Amino acid sequence: MTYEPYGAPANPAVTYASWAQRVGAYLIDAIPVAVIYVIGVATRNAVVLLLFVLIALGVQIYNRWILAGRTGQSWGKRALGLKLVSDNTGEPIGAGMAFVRDICHIVDSLICYVGWLFPLWDAKRQTIADKIVSTVVVPA
Amino acid sequence: MVVLRRGYSVPEHVAMFAAGTGLLGAVYPAVLAHTGWPGLPCPLRTLTGVPCPFCGMTTATAAISHGEWGSAAAANPLVYPVAALVAATVPVLLARAAGRAPGPRPWPEAVRRRTRWAVAVLVGLSWLFQLHRFGFL
């Protein structure tokens, strides 16, 4: 156990990723999935489209849930120097919780997508999904 | 207690976002007209039929971007205080960019609390307006 020097603040100043950085990381994560899906649609073949949808789902599972869950960094977050961690431990949250977090983003969308804007004013720059699963996005 | 380092204050963040959506709002009707896209639906209203406090904000933003103040108010009057925030904040941001204004300073906790209450009241009133607009009240 470590002790803070007497009189020092209990917690040092904490920085969190800005809303714009988070949007940028999200778009970078979404681009490969969107490109694969659009290529599938362009083939105009239901079987090929299904195949491409499965590939896009695989990319999503690997990037947003396995990679981001285990390391804290999806491709987008790595590109922008961000990290998704537990607010309680400061460690990556694991693939399962990364999946749950993305499911919880449904709540962010429910009231005209305003939950996605919460990082603009929230003290920890969390979306509602972040609050549900106790995660924060910080500079790596 | 978490001490947050922000380059901009919360009102400035919200104002910058609102100004950006205002610019998008200027071209939004043209995009809808040319693509046939129906626009962003409110998931809550789509799923349950009940509007949320922010329903109509896209329409109101597009309307106010074109100077259609009445149409904006009919869709969601919440756009007025947001537009006022943008009008009050953009000069400050420009002055700071020109080195003529100091950086943001943290507000006292009492002011923060009062602001949170004011925003909550505005959002509550907006929800009542939307419930009336869609025939629930």
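Nothing here was measured: the structure is a model prediction, and the numbers come from that model. Order of the sequence lines sets the chain letters (A, B, ...), proteins ahead of strands, with each chain counted from 1.
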B:V10 side chain near A:D122 side chain, heavy-atom distance below 4.5 Å: no
Joint hydrophobic cluster, B:F129 plus B:V82, side-chain heavy atoms closer than 4.5 Å: no
Nearest-0.5 Å distance that lies between atom CH2 in A:W121 and atom OG in B:S9: 14.0 Å
Straight-line distance of B:L44 CG to A:S109 OG, nearest 0.5 Å: 11.5 Å
OH (A:Y37) with more than 12 external heavy atoms under 6.0 Å: no
A:Y26 with A:V136, same ILVMFWY side-chain cluster at under 4.5 Å: no
Which atom of B:P43 lies closest to which atom of A:L110, heavy atoms considered: CD-O, 3.7 Å
Interchain contact, B:P51 with chain A, by part (heavy-atom threshold 4.5 Å): neither
B:R116 CZ: over 12 foreign heavy atoms closer than 6.0 Å: yes
Heavy-atom proximity to chain A below 4.5 Å, by part of B:F54: both
Region of A:I106 that comes under 4.5 Å of a non-hydrogen atom in chain B: neither
Gap separating the CH2 atom of B:W127 from the CD1 atom of A:I111, nearest 0.5 angstrom: 9.0 Å
Transitive ILVMFWY side-chain link A:V114 to A:L120, under 4.5 Å: yes
Whether over 12 other heavy atoms sit under 6.0 Å from A:Y62 OH: no
